[in-house]
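Numbers for residues simply follow the sequence, beginning at 1.
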Amino acid sequence: MTRVLIVDDQSGARRSLALLLENAGIGSVQAGDGVEALRALEVGSFDVVISDLRMDNMCGIELLKAIRRKEPDLPLILVTAYGTVESAVEAMRLGAYDYVTKPFREKDILEKIHNAQQSRHLQMAAGVQGGAKTEDVRPDRSDGSDRLIVTGAEMQAIATRIERVARTDLSVLITGETGTGKSRCARNICELSHRASKRFVSINCASLPEQLLESELFGHVKGSFTGATQKRIGLFEEADGGTIFFDEVDTLSQGTQAKLLSVLQDREIRPVGSNRARRVDVRVISAANRNLETLIARGEFRADLYYRLNGIRIHLPSLRERGDDLRILVERLLERYVKRYGRKPLTMTPAALNLVLSYSYPGNIRQLESFIEQMVVFAAAEGVIDSDALPEELSLVETSAAADVDLSLGKSERIMIEAALSGSQTLSDVARRLGIGRTTLWRKIRQHNIQRSSAPKSINGSTEIKSSN
């Protein structure tokens, strides 16, 4: 099992991250500051260290320097706020593996841990000075959590397309809204290809700091810049023989696009500080949330890079477009998380199921998975998921629906009263036509703010009222 050392002076943040890792099958040990972390490293071994940047007693950069002296091959991932990103980038110059900004997504931190661990294995096998490269040890995905759930004719057609594309080395561009499963699609292509036994390296372009682009993608040699205390293998070299996946490629800056295009054209990389280029053999898959043709028309994306990436296109539909598939998806995800958490079989009440099926899911399949997982965790011991176990967003849908019904009924009631008023001479006539008492009628008139007028008159001579609308 992967072991992670979590370092943060905020106990709540430590516990939250530890729980996240536990749910992903990753063990962890917590330390309240850098000093405690160094003690933990003396008595135990870890695959990755995740440390907050700003801490009392010993900050993340001081901890990084101490770890580099003791265990130079141990990857450290820094957690930082947006205001301290520059410090995190400097820490990467000093040897940190990567950084993540608060608040981070579960997918991002787990992906960085996986990549850091695999990078360490590769460097330990190859040696800092170079040597034979080892094959990737692929993670266990036997529960199907990293595969697309195929339901309905449209998704069956996409699955067939994926199988055919996987047999080739053509570049693939995967499009679709956020949360539709683009990363999973990329992994599926890799796992069905002849490169399945080699590395799959995923890069989130949105979080790739431009000032570290060359070092991250191409690596660097020792002494190539301040803080380059040892050789670092770049992501292209890590993926040699395998697959490299550029997620959110539509977020790349113009400068980054030009550098990426050069590598894709020449299939060569040159580590920072080296005068030697080396060829790399990688299959390129990319994903975009936004329409790249639109970005090209606005001058925000290079057309020549687009043509390099768009060898074959696969578009993943949103959850809204999958229609009747939603019910089947809910059933399959329910089975998956029941198995993961060791729960007895669970069923939804009709009311809960109706709310789940009625939601719009702007976050698509990723949001649906999160909702189902929460339901399984909070479901009653009796094995029934009712409205109390639903996530807050779905509860708000229920409240909103009830409010809409109340509004609709109120509007209908006002219209009926207005119609009765227009065809009656007295309040008594109106009350009789509506089948209610005069007191109730007066209360309804005040409730709907139906204003007084000069006519009609009541039987005792007082002024009647009618709607001002």
Working for side chain to side chain contact (heavy atoms under 4.5 Å, CB included), residues Leu5 and Val7
CA-CA 6 Å; Leu5 176 59; Val7 191; 4.0 Å; yes

Take Leu292 and Thr175 through the side chain to side chain contact (heavy atoms under 4.5 Å, CB included) test and state the conclusion after the steps.
CA-CA 9 Å; Leu292 293 183; Thr175 59; over 6 Å; no

In Å, rounded to the nearest 0.5 Å, how long is the span from CD1 of Ile67 to CG of Leu63?
4.0 Å

Would you indicate whether the side-chain heavy atoms of Ser286 and Phe245 approach each other to under 4.5 Å?
no

Please test Glu163 against Thr160 for side-chain hydrogen bond (donor to acceptor under 3.5 Å, both in side chains), starting from the C-alpha separation and ending with a verdict.
CA-CA 5 Å; Glu163 291 177 5; Thr160 300; 5.3 Å; no

Please identify each residue that fulfils side-chain contact (heavy atoms from CB on, under 4.5 Å) with Ser370, with sequence neighbours left out.
Gln374

Point-to-point distance, once rounded to the nearest 0.5 Å, from CG of Asp33 to CG of Asp52
11.5 Å

If you measure from CD on Gln265 to CG on Leu260, what distance do you get to the nearest 0.5 Å?
10.0 Å

Can you name the closest pair of heavy atoms from Ile365 and Thr180 and give their distance?
CG2-C, 3.7 Å

Considering only heavy atoms from C-beta outward, does the side chain of Leu264 approach that of Leu305 to under 4.5 Å?
yes

Taking atom types as modelled, is there a side-chain donor on Glu321 or Ser318 under 3.5 Å from an acceptor on the other?
yes

Applying salt bridge (Lys or Arg N to Asp or Glu O under 4.0 Å) to Arg313 and Glu293, what does each step give before you reach the verdict?
CA-CA 13 Å; Arg313 177 181 298 209; Glu293 290 94 335; 2.8 Å; yes

Check the side chains of Lys112 and Asn204 for a donor-acceptor pair under 3.5 angstrom, ignoring hydrogens and angles.
no

Point-to-point distance, once rounded to the nearest 0.5 Å, from CD1 of Ile372 to CG of Leu333:
6.0 Å

Side-chain heavy-atom pair Phe246, Ile285 within 4.5 angstrom cut-off
no

For Glu248, is there an ion pair with Arg290 - N to carboxylate O distance below 4.0 angstrom?
no

Check this for me: does any side-chain nitrogen of one of Arg184 and Glu369 sit under 4.0 Å from a carboxylate oxygen of the other?
yes

From OG1 (Thr251) to CG (Asn289), nearest 0.5 Å
8.5 Å

Close side-chain approach of Leu355 to Leu390, heavy-atom, < 4.5 Å:
yes

Under 4.0 Å between a Lys/Arg side-chain N and an Asp/Glu carboxylate O for Asp325 and Arg332?
no

Residues Lys198 and Thr243: side-chain donor-acceptor under 3.5 angstrom:
no

Carboxylate-amine/guanidinium contact Glu237 Arg270, below 4.0 Å:
no

Which distance, rounded to the nearest 0.5 Å, do you find between the CD1 of Ile174 and the CD1 of Ile314?
5.5 Å

Of Arg199, Arg195, Arg278, the residue whose pairing with Asp240 passes salt bridge (charged side-chain N to carboxylate O under 4.0 Å, His left out)
Arg278

Decide yes or no for Ser262 and Glu268: does some side-chain heavy atom of the first lie under 4.5 Å from some side-chain heavy atom of the second?
no

Within a strict 4.5 Å, meaning less than it, do heavy atoms of the Leu334 and Val376 side chains meet?
yes

